Chemist: 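One structure, as structure tokens, below. Some questions next.
Ligands are counted one by one from 1 in listed order, and the atoms in each one are counted from 1 as well. Quick caveat, the model's predicted, so the values are computed rather than measured.
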Amino acid sequence: MPKYLMNIVSGMRPTGQLHLGHYLGVLKKWTELQDSRNSLFFVADWHALSTSYEDKLNLRKLSIGLVKDWLSAGVNPEKATIFIQSSVKAHSELFVILNMLTPLGWLERNPTYKDQIEQLSNRDINSSGFLTYPVLQTADIILYDAHEVPIGEDQRPHLEIAREIVRRFHYLYEKEIFVEPKELLSPTPKLLGLDGRKMSKSYGNSIYLTDSSDDVWQKLRGAKTDTNRVRKTDKGNPDVCLVFDYHKEFSSLETQNEMREGCEAGAIGCVQCKKACLNSIDSTLQPMRERRDELSDSFIEDVIASGNKRANTIAEEKMRAVNSLVFGEFNS
Ligand code: TRP
Ligand code: SF4
């Protein structure tokens, strides 16, 4: 593993296949950062239980699938340490200690918590684990002295809580043994699902990293465009068209301009524009498909096993420092 000045840690919950929104939102950033930071990326399987404890998910299978998505997207196990949260028990050990000194008010005021309770009102997530989610997330981060944490906007409040917990710990124990982590926000992609709703598995409106070119085409073909444009010769407005949002993320400027001019002049049809969009999306997905073909489950398991080992070594060392500060040294 190369050594850099800065450490980053980031995790994802294993809740299903990744789509283009995940790629643009976080995963792409990971693949860039791994070249200049000591990077740890982990599967947050304990966190997945906070909303899915009733679902009897096959977390092992989901975790392997998630890591496969990462590697196919370009996360490189020779550059980054890839591990499973529940395989590094230090996360739960530190979580217990941090819980003792975290005021309930900080957690109850967390806007992400309040949002989720509202959004997921159809299920019973009012558990202690759900409320203390950010405390576990803090442990995930500070065990590895992460300076920066690449996340999406919705996670910003959790990083604030993490910093507050670190400061409180340092104040209470009168010693600075953790790094105060900063968020590295990726601009939230403006991509909606191809039916204009939020990308979601249950709507079937997302393009997955595992989609074949034909799958992508089926989804693009049915996508809403500028609804005022009925005939090919009608002048259109790309700025109200979902397909054009995909062009903005995946097409070259040249293609974007060409499509914009054609649409505004009523000179190209939507099918032609969508075909160009398919090409652009495919040029992102094709290298992923090729990498995925080379990835066996047993290779993924090896990657995870050696990542778990490295993560455990770092985390256990940190816990020795924490435990001696909190409980005192044995034999001394
Ligand atoms: N809460 C994050 C999410 O839902 C996942 C996560 C868990 C995480 N622990 C983390 C992200 C630590 C960054 C760092 O996306
Ligand atoms: Fe959308 Fe392209 Fe059709 Fe214009 S030509 S409405 S940008 S799909």
Side-chain angles (χ1 to χ4, degrees), residues 7-15 18 21-22 25-27 29-30 33 39-52 66 83-86 88 91 94-95 110 112-113 115-116 130 132-144 146-159 161-162 181-186 188 194 196 220-248 251 255-278 280:
N7 305 331
I8 61 165
V9 168
S10 194
M12 279 188 208
R13 284 171 294 148
T15 50
L18 299 186
H22 297 118
V26 180
L27 201 44
K29 191 74 166 253
W30 287 11
L33 289 166
S39 305
L40 294 108
F41 302 127
F42 70 94
V43 178
D45 54 351
W46 273 322
H47 275 121
L49 286 179
S50 70
T51 50
S52 315
L66 183 61
F83 69 96
I84 309 283
Q85 185 187 36
S86 68
V88 184
H91 292 236
L94 184 55
F95 173 59
N110 169 15
T112 303
Y113 172 72
D115 275 5
Q116 293 247 317
F130 192 67
T132 54
Y133 185 113
V135 185
L136 180 57
Q137 184 162 352
T138 303
D140 299 338
I141 296 166
I142 67 180
L143 269 175
Y144 304 95
H147 303 94
E148 296 170 327
V149 183
I151 44 171
E153 182 68 42
D154 64 314
Q155 297 291 308
R156 190 208 288 264
H158 292 173
L159 260 282
I161 293 173
K182 288 193 193 55
E183 59 272 30
L184 261 189
L185 291 177
S186 348
T188 325
L194 286 164
L220 270 177
R221 220 174 53 156
K224 275 207 218 152
T225 59
D226 176 355
T227 44
N228 289 325
R229 212 170 173 230
V230 185
R231 276 172 305 256
K232 184 173 156 177
T233 47
D234 292 341
K235 293 183 168 46
N237 178 4
D239 295 317
V240 299
C241 174
L242 275 175
V243 175
F244 201 71
D245 287 339
Y246 282 74
H247 273 299
K248 283 186 198 153
S251 296
T255 305
Q256 287 181 43
N257 289 337
E258 199 183 313
M259 294 303 127
R260 175 180 287 284
E261 282 161 22
C263 177
E264 287 174 347
I268 56 163
C270 289
V271 173
Q272 185 186 344
C273 181
K274 286 175 172 182
K275 287 263 186 211
C277 192
L278 172 68
S280 304

Chemist: Taking the side chain as every heavy atom from C-beta outward, state whether His147 and Asn7 have any atom pair closer than 4.5 Å.
Modeler: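 Yes, side chains in contact.
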Chemist: For the side-chain contact (heavy atoms from CB on, under 4.5 Å) test, which of Cys273, Cys241, Pro238 pairs with His247?
Modeler: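 Single pass found, and it is Cys273.
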Chemist: Contact between Lys274 and Arg221 at the side-chain level, heavy atoms closer than 4.5 Å - yes or no?
Modeler: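 Lys274 does not reach Arg221 side chain to side chain.
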Chemist: Taking only heavy atoms of Asp226 into account, list the atoms of ligand 2 that are under 4.0 Å away from them.
Modeler: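 Reading through ligand 2 atom by atom, the close ones are 6 (S).
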Chemist: Under a 4.0 angstrom heavy-atom cut-off, which atoms of ligand 2 come close to Cys263?
Modeler: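 Those atoms are 4 (Fe), 5 (S), 6 (S), 7 (S).
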Chemist: Side chains of Phe41 and Ile8, heavy atoms from C-beta outward: is any pair under 4.5 Å?
Modeler: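 The answer is yes, as the side chains (C-beta and beyond) meet within the 4.5 Å cut-off.
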Chemist: Taking the side chain as C-beta and beyond, is there a heavy-atom pair between His47 and Gln137 under 4.5 Å?
Modeler: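 SC-SC contact between His47 and Gln137 confirmed.
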Chemist: Is there a side-chain contact between Glu148 and Leu159 in this structure, where contact means two heavy atoms from C-beta onward sitting under 4.5 Å apart?
Modeler: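 When only atoms from C-beta onward are counted, Leu159 and Glu148 do not touch, as no gap falls below 4.5 Å.
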Chemist: Would you say that Leu143 contacts Val9 through its side chain, given a criterion of any heavy-atom pair below 4.5 Å between the two side chains?
Modeler: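 The answer is no; the side chains never approach within 4.5 Å.
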Chemist: Rounded at 0.5 Å granularity, tell me how far NE2 in His158 sits from CG in Asp140.
Modeler: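 Result: 11.5 Å between the selected atoms.
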Chemist: Which protein heavy atom lies closest to atom 8 (S) of ligand 2, and at what distance to 0.1 Å?
Modeler: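 Atom 8 (S) of ligand 2 sits closest to the protein heavy atom Thr225 CG2, 3.5 Å.
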Chemist: Any nitrogen or oxygen of Ser10 lying under 3.5 Å from a nitrogen or oxygen in ligand 1? Just yes or no.
Modeler: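 Between Ser10 and ligand 1 (N or O atoms, distance only) the closest approach is not under 3.5 Å.
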Chemist: Within a distance under 4.0 Å of any heavy atom of Arg13, pick out the atoms of ligand 1 and give their elements.
Modeler: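 Answer for ligand 1: 4 (O).
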Chemist: Looking at atom 14 (C) of ligand 1, what's its closest protein heavy atom, distance included?
Modeler: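 That would be Val149 CG1, 3.6 Å.
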Chemist: Below 4.5 Å, heavy atoms only, C-beta onward: do Leu27 and Met12 meet side chain to side chain?
Modeler: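 In contact.
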Chemist: If you apply the rule ring-ring contact (aromatic ring centres under 6.0 Å, His included), what do you find for Phe42 with Tyr144, and how did you get there?
Modeler: CA-CA 12 Å; Phe42 70 94; Tyr144 304 95; 7.6 Å; no
Chemist: Considering heavy atoms of the protein only, find what lies nearest to atom 2 (C) of ligand 1 and give residue, atom and distance to 0.1 Å.
Modeler: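 Result: Gln155 OE1, 3.2 Å.
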Chemist: Please work out whether any backbone atom (N, CA, C, O) or any side-chain heavy atom from C-beta onward of Ile151 is under 4.0 Å from ligand 1, and answer side chain, backbone, both or neither.
Modeler: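 For Ile151, only side-chain atoms sit under 4.0 Å from ligand 1.
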Chemist: Among all protein non-hydrogen atoms, which one is nearest to atom 5 (S) of ligand 2, and what is the separation to 0.1 Å?
Modeler: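 Result: Arg229 NH1, 3.1 Å.
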Chemist: Quick check on contacts: which atoms of ligand 1 are under 4.0 angstrom from a heavy atom of Tyr133?
Modeler: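 This gives 1 (N), 2 (C), 3 (C), 4 (O), 5 (C) as the contact atoms.
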Chemist: Decide whether the shortest distance between a heavy atom of Gly236 and an atom of ligand 2 is less than 4.0 Å.
Modeler: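 For ligand 2, residue contact (heavy atoms, under 4.0 Å) with Gly236 is absent.
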Chemist: Backbone or side chain, does Cys273 get an N/O/S atom under 2.8 Å to atom 3 (Fe) of ligand 2?
Modeler: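 No, Cys273 does not qualify, because none of its backbone or side-chain N, O or S atoms lies under 2.8 Å.
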Chemist: Give me the residue, atom name and distance of the protein heavy atom closest to atom 8 (C) of ligand 1.
Modeler: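 The closest one turns out to be Gln137 NE2, 3.5 Å.
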Chemist: If the cut-off is 4.0 Å to any non-hydrogen atom of Cys241, which atoms of ligand 2 fall inside it?
Modeler: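 Going through ligand 2 atom by atom, the ones under 4.0 Å from Cys241 are 1 (Fe), 6 (S), 7 (S), 8 (S).
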Chemist: Using only atom types and a distance under 3.5 Å, with no angle test, would you say the side chain of Arg260 pairs donor to acceptor with the backbone of Cys263?
Modeler: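 No, because the side chain of Arg260 does not come within donor-acceptor range (under 3.5 Å) of the backbone of Cys263.
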Chemist: I'd like to check which ligand 1 atoms, numbered from 1 as shown, lie under 4.0 Å from a non-hydrogen atom of Ile141.
Modeler: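 Per the distance check, 12 (C), 14 (C).
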Chemist: Starting from atom 9 (N) of ligand 1, what is the nearest protein heavy atom, named by residue and atom, and what distance separates them?
Modeler: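 Atom 9 (N) of ligand 1 sits closest to the protein heavy atom Asp140 OD2, 2.7 Å.
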Chemist: Which residue holds the protein heavy atom closest to atom 3 (Fe) of ligand 2, what is that atom called, and what is the gap in Å?
Modeler: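 Result: Cys270 SG, 2.3 Å.
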Chemist: Is there a side-chain contact between Val243 and Cys270, using heavy atoms and a 4.5 Å cut-off?
Modeler: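 SC-SC contact between Val243 and Cys270 ruled out.
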Chemist: List every atom of ligand 1 that sits less than 4.0 Å from any heavy atom of Phe42, numbering the atoms from 1 in the order shown and giving each element.
Modeler: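 The list of qualifying atoms is 9 (N), 10 (C), 12 (C).
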Chemist: To check your reading of the model: name the closest protein heavy atom to atom 7 (C) of ligand 1, its residue, and the distance in Å.
Modeler: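 Protein heavy atom at minimum distance: His47 ND1, 3.2 Å.
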Chemist: To which protein heavy atom is atom 5 (C) of ligand 1 closest, and what is the distance rounded to 0.1 Å?
Modeler: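 Of the protein heavy atoms, Gly11 O, 3.4 Å lies nearest.
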